[in-house]
Amino acid sequence: MPAEQHEFQAEVKQLLDLMVHSLYSDKDIFLRELISNASDACDKLRFEHLTRSELAADDLHLRLEGDKAARTLKITDNGIGMTREEAIKNLGTIARSGTKEFLGALKAADNKQAPELIGQFGVGFYSAFMVADRIEVVTRRAGTDGATRWVSTGDGAYTVEDATRPHAGTTITLHLKPVDVEHGMRDYTDDNVLRDIVKRYSDFVAYPIRLGDQTLNSMKAIWDRPKAEVTEDEYKEFYRHISHDWNEPLRTIPVRMEGTFEAYALLYLPSKPPFDLYSAEMKRGLQLFVKRVFVMDECKELMPTHLRFVRGVVDAHDLSLNVSREILQKDRQIQVIRKQLVKKVLSTLEELKRDSFDDYLTFWAAFGPVLKEGLLAYDTQDKDKLLDLVVTSSTHDPNKLTSLEQYVARMKEGQEEIYFLTGPSKETLVKSPLLETFAAKGYEVLLFSDPVDELWLEQAPRFKDKALRSIGRGDVKLGTDEEREREGEQLEAKQKEYADLLALFRVHLQDDIKEARLSNRLTSSAVCLVADEHDMTPRMQKMMEALGHAAPKAKPVLELNPTHPLIGKLQALFVENKADPRLAAYAKVLLGQAHLADSGQLPDAKAFSDALGDLLLRAV
């Protein structure tokens, strides 16, 4: 087949331009990325050999070869290789979602942020254009006869043509740019430079990395080695290797399972969330090995969805190599391993919360909403442990996060429930009129503002045998029995006095509210909105609709403060003239005021504006 010229995908063109002109100082990482890709190719051939014995998988290795005179560096592997179509797909396009977000972030970043972003998004093969002005790839897919040559100078196009290669695998030839030590461009044809990079970044790669007759890496599986024999730098570099995250991990978690079966794991808690944390296309799950044989890159069965941020590898020594996704879902060993891993992660988070609260707050800011998703799952066995990990703002000190345990320790004598309020933001919640009586009587209220809070708190959870109770729903009674009885009698008397005014409000607002009633939860505000005891909150309804679920439409309850001067004047106005047209306008303005206090938004801005304009006109 003759040579063909192709244009890069639009995003790749932009990416190449950024790479070629990048001020990224640590250019050495290009070799780490290419070695990682070559190692993956060997993993894939080794695994495919299990079901296709005709494929040769002996002496899998990588080879480096520098040529000072020609200014070239070759990286060769005898792994799975690529067909012509695969070379075009893998080297000419970026399939991974989020590329546009990466490009936008990188363009907006200053030079100090650029390395972090490059590492965070894992640009792999394309990093080689930082050190080379021409790249040639010769590759042959295992089990085929033909080879393919792919060539590009990073100028927006590449050529593909037939080639010859005696064995399966891939050779990447980099035509290197001139040495420029000042800008981080070392001599990558120098053996000592190559040894240094491999030792620093790729010592743990499971296949020999050869330079002439010398093997540069130890090939020791880092998860198999005793913790005392592994340095922090080695752990951090392995994290970068498997996660493509340039940031340091927040915590490293080695796990050894021995007894009826044997398994080893090395898990990491990231310090920052990946860009696609909430995307359905997010790459999640742990790498699965069986006796150091790579089996699966994303084994979702090993970690629940609410711990999808955890990165790492698991080596299950007693698991069959002939596994599929369906077998993994039912395999008893996988379920036991998963249970142990989850237990270890949660205990590490509890330890972090107890001993390094500042680090825990860093974790919570990044992954708290995801962790709370576990409180939604009906099959979650660890809800109590997850509740122990929850921290949130509270009226005790809105500027600090508190745990449920700390809240319980501060509860007033005789208080039986944990009070909370949900809303769109902490700033909105701290100003909510619903807090007024609680503040006046010295009751602390937890403030939850993540969207997921509306969902898991809907399930009426309990902590330390105490129910979590929303102060924005139903009728919350505070104080002693005597205080409640006295307040109830006073409110009942006021209810009779204001009965006709409340009925008029219900008539004028019947399309927007379920009921109008007097409130015992307000001290300084005139009105507020609450949900009826068994109704969904408005935010909950919107979330259900956004998720594509039919949600029963529930109107809010409008509560009026009988001690507020405005409500008293409205009562007087009503007694004087029940047909006064201003009463309808006041009702709509008060409803709008309640909505603004509740969510900061008006469901019908025009109706509010018209009613306010009518009142202003009558007042002139």
Side-chain angles (χ1 to χ4, degrees), residues 278 306 364-365 368-377 383 386-387 389-404 406-408 411 415 417-439 443-463 466-476 478 514 519 521-522 525 527-547 549 551-559 594-603:
Y278 295 98
H306 60 278
W364 187 259
V370 176
L371 194 67
K372 286 186 284 189
E373 291 175 13
L375 295 167
L376 292 170
K383 286 191 178 181
L386 291 173
L387 280 172
L389 294 170
V390 170
V391 293
T392 191
S393 299
S394 109
T395 54
H396 177 71
D397 185 345
N399 296 318
K400 292 183 179 179
L401 299 187
T402 189
S403 67
L404 296 180
Q406 290 170 324
Y407 177 97
V408 169
M411 284 173 59
Q415 182 181 343
E417 297 174 310
I418 298 172
Y419 298 120
F420 71 86
L421 182 63
T422 60
S425 68
K426 186 189 80 172
E427 290 71 26
T428 300
L429 288 172
V430 295
K431 299 175 183 177
S432 172
L434 298 175
L435 297 173
E436 291 174 1
T437 293
F438 287 83
Y443 286 89
E444 181 180 354
V445 179
L446 298 175
L447 309 175
F448 290 98
S449 57
D450 288 327
V452 69
D453 293 326
E454 292 283 350
L455 299 172
W456 72 268
L457 287 165
E458 191 75 16
Q459 297 183 8
R462 300 182 70 86
F463 178 78
K466 297 187 182 297
L468 274 74
R469 174 70 183 270
S470 172
I471 69 167
R473 168 174 284 151
D475 186 16
V476 181
L478 303 177
K514 185 174 186 176
S519 177
R521 63 182 101 217
L522 298 174
S525 296
V527 289
C528 67
L529 289 177
V530 298
D532 214 353
E533 187 69 45
H534 301 292
D535 288 346
M536 284 188 178
T537 64
R539 282 177 293 278
M540 182 67 177
Q541 293 175 53
K542 290 179 181 179
M543 289 181 64
M544 296 293 287
E545 291 167 0
L547 293 170
H549 302 297
K553 198 69 176 177
K555 299 176 184 177
V557 174
L558 179 67
E559 291 194 349
H595 274 294
L596 287 172
D598 179 61
S599 65
Q601 296 179 331
L602 291 168

*Asks:* Counting only N and O atoms by type, is there a donor-acceptor contact under 3.5 Å from the side chain of Lys426 to the main-chain atoms of Leu447?
*Replies:* no

*Asks:* Looking at Asp598 and Thr428, what are the two nearest heavy atoms and their distance?
*Replies:* O-CG2, 3.6 Å

*Asks:* For Trp364, which residues count as a ring-ring contact (aromatic ring centres under 6.0 Å, His included) partner, sequence neighbours excluded?
*Replies:* none

*Asks:* To the nearest 0.5 angstrom, please state how far the OG atom of Ser470 sits from the CG atom of Leu446.
*Replies:* 11.5 Å

*Asks:* Kindly compute the distance separating OG (Ser432) from CZ (Phe438), expressed to the nearest 0.5 Å.
*Replies:* 10.0 Å

*Asks:* Should Leu529 and Leu558 be marked as a side-chain contact (heavy atoms from CB on, under 4.5 Å) after you check the CA-CA gap, both sets of side-chain angles, and the distance that decides it?
*Replies:* CA-CA 5 Å; Leu529 289 177; Leu558 179 67; 4.0 Å; yes

*Asks:* Could you walk me through whether Leu401 and Ser393 pass the side-chain contact (heavy atoms from CB on, under 4.5 Å) check?
*Replies:* CA-CA 5 Å; Leu401 299 187; Ser393 299; 3.7 Å; yes

*Asks:* State the OG-CG distance between Ser599 and Leu429, to the nearest 0.5 angstrom.
*Replies:* 11.0 Å

*Asks:* On a heavy-atom basis, which atom in Ile471 and which in Arg521 lie closest, and how many Å separate them?
*Replies:* O-NH1, 2.6 Å

*Asks:* Assess whether side-chain contact (heavy atoms from CB on, under 4.5 Å) is satisfied between Lys466 and Met411, documenting all intermediate values.
*Replies:* CA-CA 11 Å; Lys466 297 187 182 297; Met411 284 173 59; 3.6 Å; yes

*Asks:* Drop me the distance from Ser525's OG to Lys431's NZ, to the nearest 0.5 angstrom.
*Replies:* 12.5 Å

*Asks:* Does any non-hydrogen side-chain atom of Val390 lie less than 4.5 Å from one of Phe448?
*Replies:* yes

*Asks:* Might you point out which heavy atoms bring Leu434 and Val530 nearest each other, and give the distance in Å?
*Replies:* CD2-CG1, 3.7 Å

*Asks:* Going from OG1 on Thr395 to OH on Tyr419, what distance comes out if it is rounded to the nearest 0.5 angstrom?
*Replies:* 12.0 Å

*Asks:* Taking all non-hydrogen atoms of both residues, which atom of Arg469 and which atom of Glu533 are closest, and how far apart?
*Replies:* NH2-OE1, 3.7 Å

*Asks:* So, do Lys400 and Gln406 sit near enough that their side-chain heavy atoms are less than 4.5 Å apart?
*Replies:* no

*Asks:* Begin with the C-alpha distance, continue with both residues' side-chain angles, and end with the deciding distance and a verdict on side-chain contact (heavy atoms from CB on, under 4.5 Å) for Thr392 and Tyr407.
*Replies:* CA-CA 10 Å; Thr392 191; Tyr407 177 97; over 6 Å; no

*Asks:* Using a strict threshold of under 4.0 Å (side-chain N to carboxylate O), is an ion pair present between Lys514 and Glu559?
*Replies:* no

*Asks:* Less than 4.5 Å apart, any side-chain heavy atom of Phe420 and any of Leu404?
*Replies:* no

*Asks:* Rounded to the nearest 0.5 Å, what's the gap from CG on Leu371 to CG on Asp450? Could you check?
*Replies:* 11.5 Å

*Asks:* For Pro369 and Val452, work out which heavy atoms get closest and say how close.
*Replies:* O-CG1, 3.7 Å

*Asks:* Identify the two heavy atoms, one from Glu444 and one from Ser394, that lie closest to each other, and give their separation to 0.1 Å.
*Replies:* OE2-OG, 2.6 Å

